[in-house]
Amino acid sequence: MGSPRTLFDKIWDSHVVDVQEDGTCLLYIDRHMVHEVTSPQAFEGLRNAGRPVRRTGQTLAVADHNVPTEGRDKGIADEESRTQVETLAANCAEFGVPYLEMNDIRQGIVHIVGPEQGFTLPGMTIVCGDSHTATHGAFGSLAFGIGTSEVEHVLATQTLLQKPAKNMRITVEGPLRPGLTAKDLTLAIIGKIGTAGGTGYVIEYAGEAIMALSMEGRMTVCNMAIEGGARAGLIAPDQTTFDYVKGRPMAPEGADWDKAVEYWSSLPSDEGAAYDVEIKLHTDEIAPQVTWGTSPEDVIAVTENVPNPADINDKNKAAAVQRALDYMGLTAGQPMTDVKIDTVFIGSCTNGRIEDLREVAAIAKGRKVAEGVRTLIVPGSGLVKRQAEEEGLDKIFKEAGFDWREPGCSMCLAMNADKLAPGERCASTSNRNFEGRQGRGGRTHLVSPGMAAAAAIKGHLADVREFL
Amino acid sequence: MQKFTQLTGIAAPLDLINIDTDMIIPKQFLKTIHRTGLGKNLFDEMRYDDNGQPIADFVLNKEPYTAAQILVAGDNFGCGSSREHAPWALLDFGIRCVIAPSFADIFYNNCFKNGILPIKLPRETVDQLMEKAERGGNAMFTIDLENQDVVDPDGNKHAFEVDEFRRHCLLNGLDDIALTLQKDEKITSYEGKRADEAPWVALQQG
Ligand code: SF4
C-alpha cells in the first residue's frame, strides 16, 4: 500500500490522464454542466474550429441566470436575456447536448439540478462555467468552476489542464443547536479564514457538526467554499450521501449501484493522511451569522455590533471597512439587530433547496411579514417548487405575505427582472454581498433562511433564536 | 490567442483590495454572446455615475490612464464569479497585464487563456510600483515575460514567477485545445480503463 491519501488525492489520482514535465496534469472530467451565461462563446469557438462535443451524454445544460421568476408563459421580455437563453437551446440542439428547457419541471439552478437528477455522483470530477460548482463537493466529488475558455476545452476534449491543489481540512466539532444552520457554519468559516484564506487549496470539511448535516446542508457549506477563496470544497461520502443519491434518474442501478457504493466507500481520507493546513472550529463559538459589509468575510454574529474602522491597525483593511460602511449605510458600533431592511430574498444555489424552505416555513407559520417589506421566495428548481407545494409550504408563505416565485437564480445576481434599487437593503440567503451584486447601489446582508424569515417578520435584522 | 512577449506601457494604480469580478464587469453586461466590446463597461459602476457620465476621479477616466495597458492593484484581485467576461473586458480596454500581491484562482487562470499576464509580486513591491504608477505618463513600465521581470520607471528590475507551461503558451500564443487534442489516444484509453472500474460514469450519448 502507498502512503495514506486524502479524499482529494484519491479523486485526483483516479482522473489523471497524462502528466507533463512541469507537473501540469491532463485531468479527465466526468460531468460537465452548462448554463447560458458562460457558454455561448465556448460553443462559438467549437463551431469556428469545426470541433464536436466529445461526450454529450456527460454534459447537461440548463438556463437559470436569465429566466424570469413570474409570468413564464409569456416568455422572456428582456431581449438580451432571451437571446442568451435561445442561443443555449440552439447550441445544445446543434451539438447534441441534453438541455432542460425553461418550462421543464426539472429546470432550475444548475447546482440544484445536477444533484437532483443524480448527474452529480461521489468520486467524480465535475465542472461548470460557474464558481459555485463547488456545491457538488458535498457528494465527495471534486467540483469546481471554470472560465469560458475552459468550458470550450472540456466540451472538445472532456479534460482540463490543471495542477493539483493543496489540501486543507476544516473540522467543525460540536452539535448543531437550534437556530444554527449550515449557512452559519459556512459564513463563520469564511469569517475565520477570510475570502482569500482558501486560495490554492481544496477544503475538506469534516467533524461532528458537518457530518450531522443533511445533503442539503452539506451543499450549502461546500457552495461557499469559493467565498473562502478555495476552488472546491469536499465532504466525505457516507450513508447520508448514498441515501440521497439512490433512485435518482441518472444514478446507477442494480449491480452497478452496489459496485458504485463499494467504490465510493473507499474514498474517505485514510487515517494519517497529511493536510497542508488544518483549521478547527467548535459550534460553541458560532452564533447565527450576518454580514455587515461588501465581502463575505465581513461577517459577525447577529448579536454583535457593526465594527469600527478606528479599531483596525492595517491601513488597507481599515480603508476597506470604511468604504464598506459607507456603501452599506451603516454606522460603526450600531447593533446589527437595529438595522432595518426593505427586502428579503430567499433562494439561490446556497439556500434554495427544500430544507431551506422548510426552515423558512417553520418561522413564517402563523406570522406576518412586516408592513412595507418586499419578499421573494424563489425555489431552486421546479422539483423543489413542486415538493414545497405538496408539503403545503407555499400556503404558509402566502398567508404570511411572502411572494412565491418560479425557479431560477433571480435576485442572487439580479440578471433577470428581480433586483434591488439603489440604497435598498436586503436580507438575502444568497452567497455574495459585493457592491451592486443584487442591483446597482443595493445593500446585501447574507443570512440563513431562518434568519431571513425572522428579518421579514420583524422588519429589521433579528436573531432567529427568538422565534424558536 | 495573441502572443505575450514584451510589453511597455502606462500602468494604472487601483489601490483597492478584493477587487471582485462583479466590480470588473457587472452582470448587466454578461448577457452578450460575444467576447469583444466589453471594454467600455470595464469597472462600469466605479467608472460612470447614475446618468452614465464618466466619474472624473476614477483612475481609468483620467489621462494618461485611459491608455493604460497595465493595472496595479491590491490583494485578492479577481475574486468572485468565474466570468471570463472580466479578462475579456480588461483586454478589450487594452489591459494586458495585472500586477497584484495575490489573485483569485479562476480569474488568474482565465487571464492566461486570453493573452493577459497576471503577475504576483510581494506586497511591498506592489506598494512601490503603485506609487510609481501614480506618476502617470512619464512613468513607463516594461513587462518582459521572456526574462520574467518587471522593469519599473526608475529602471529597477523585479523578477516574478510564472508557471512554465503557461509561460510557454503565452510566449507562443498557443491554443491549448489543439495541444490537448494531440493526446486523443491517451484520453480514449483512459475512458476505456475507467469504463471497467466505474461503468456508471460514461452515460449514454444523447
Ligand atoms: S444562484 Fe447565484 S450563485 Fe448560484 S448559480 Fe445562480 S447566480 Fe450563481
Extract all donor-acceptor atom pairs below 3.5 Å that involve side chains of residues 121-133 of chain B and protein atoms in other chains or at least two apart in sequence.
{"residue": "B:Arg123", "atom": "NE", "partner": "B:Asp75", "partner atom": "OD2", "Å": "2.8"}
{"residue": "B:Arg123", "atom": "NH2", "partner": "B:Asp75", "partner atom": "OD2", "Å": "2.4"}
{"residue": "B:Lys132", "atom": "NZ", "partner": "B:Asp152", "partner atom": "OD2", "Å": "2.9"}
{"residue": "B:Lys132", "atom": "NZ", "partner": "B:Asp154", "partner atom": "OD2", "Å": "3.0"}

Select one option (side chain, backbone, both, neither) describing which atoms of [X] are under 4.5 Å from chain B's heavy atoms.
| X | result |
| --- | --- |
| A:Ser14 | both |
| A:Glu253 | neither |
| A:Ala251 | neither |
| A:Thr87 | side chain |
| A:Gln162 | side chain |
| A:Arg437 | both |
| A:Thr157 | both |
| A:Lys419 | neither |
| A:His15 | both |
| A:Met124 | side chain |
| A:Ala320 | side chain |
| A:Leu413 | both |

Quick check on the interface: out of [options], who has the most heavy-atom pairs with chain B under 4.5 Å?
| options | value |
| --- | --- |
| A:Asp22, A:Asn66, A:Thr159 | A:Asp22 |
| A:Thr294, A:Thr199, A:Ile146, A:Val16 | A:Ile146 |
| A:Asn431, A:Asn316, A:Leu161, A:Thr133 | A:Leu161 |
| A:Ala319, A:Cys128, A:Ala165, A:Ala196 | A:Ala196 |
| A:Glu44, A:Glu435, A:Gln20 | A:Gln20 |
| A:Pro296, A:Ala260, A:Gly145, A:Ala230 | A:Ala260 |

Between [options], which has the largest tally of heavy atom pairs under 4.5 Å with chain A?
| options | answer |
| --- | --- |
| B:Glu191, B:Met23, B:His85 | B:Glu191 |
| B:Ser102, B:Ala202, B:Gly80, B:Ala86 | B:Gly80 |
| B:Asp184, B:Asp22, B:Asn110, B:Asp15 | B:Asp22 |

Would you name the heavy atoms of A:Leu267 and A:Gly123 that are closest together and state the gap between them?
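So the two residues come closest at CD1-CA, 3.4 Å.
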Can you classify the ring geometry of B:Trp200 versus A:Trp264 as parallel (below 30°), tilted (30 to 60°) or perpendicular (above 60°)?
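Perpendicular: the ring planes of B:Trp200 and A:Trp264 meet at over 60°.
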Partner of B:Ile143 under side-chain contact (heavy atoms from CB on, under 4.5 Å), chosen from B:Leu7, B:Asp149, B:Val151
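By the side-chain contact (heavy atoms from CB on, under 4.5 Å) criterion, B:Ile143 pairs with just one of B:Leu7, B:Asp149, B:Val151: B:Leu7.
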A:Phe43 pairs by side-chain contact (heavy atoms from CB on, under 4.5 Å) with which of A:Asn48, A:Leu88, A:Val151?
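Checked A:Asn48, A:Leu88, A:Val151 against A:Phe43; only one passes side-chain contact (heavy atoms from CB on, under 4.5 Å): A:Leu88.
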Partners passing side chain to side chain contact (heavy atoms under 4.5 Å, CB included) against B:Ala100 (at least two apart in sequence or in another chain):
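With sequence neighbours excluded, B:Ala100 shows a side chain to side chain contact (heavy atoms under 4.5 Å, CB included) to B:Phe77, B:Phe103, given in chain and number order.
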Distance-only, no hydrogens or angles: does the A:Thr38 side chain make a donor-acceptor pair with backbone N or O of A:Gly129 under 3.5 Å?
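Between the backbone of A:Gly129 and the side chain of A:Thr38 there is a qualifying donor-acceptor contact (under 3.5 Å).
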Spell out, as yes or no, whether a donor-acceptor pair under 3.5 Å connects the side chain of A:Gln438 to the backbone of A:Met411.
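Yes: the side chain of A:Gln438 pairs with the backbone of A:Met411.
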Could you please state which residues from residues 164-182 of chain B sit under 4.5 angstrom from chain A, measuring non-hydrogen atom to non-hydrogen atom, sorted by number, or 'none'?
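Residues in range: B:Glu164, B:Phe165, B:Asp175, B:Asp176, B:Ile177, B:Ala178, B:Thr180, B:Leu181.
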Using a heavy-atom cutoff of under 4.5 Å, enumerate the residues of residues 111-120 of chain B that contact chain A, numbered in order, or state 'none'.
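The stretch touches chain A at B:Lys113, B:Asn114.
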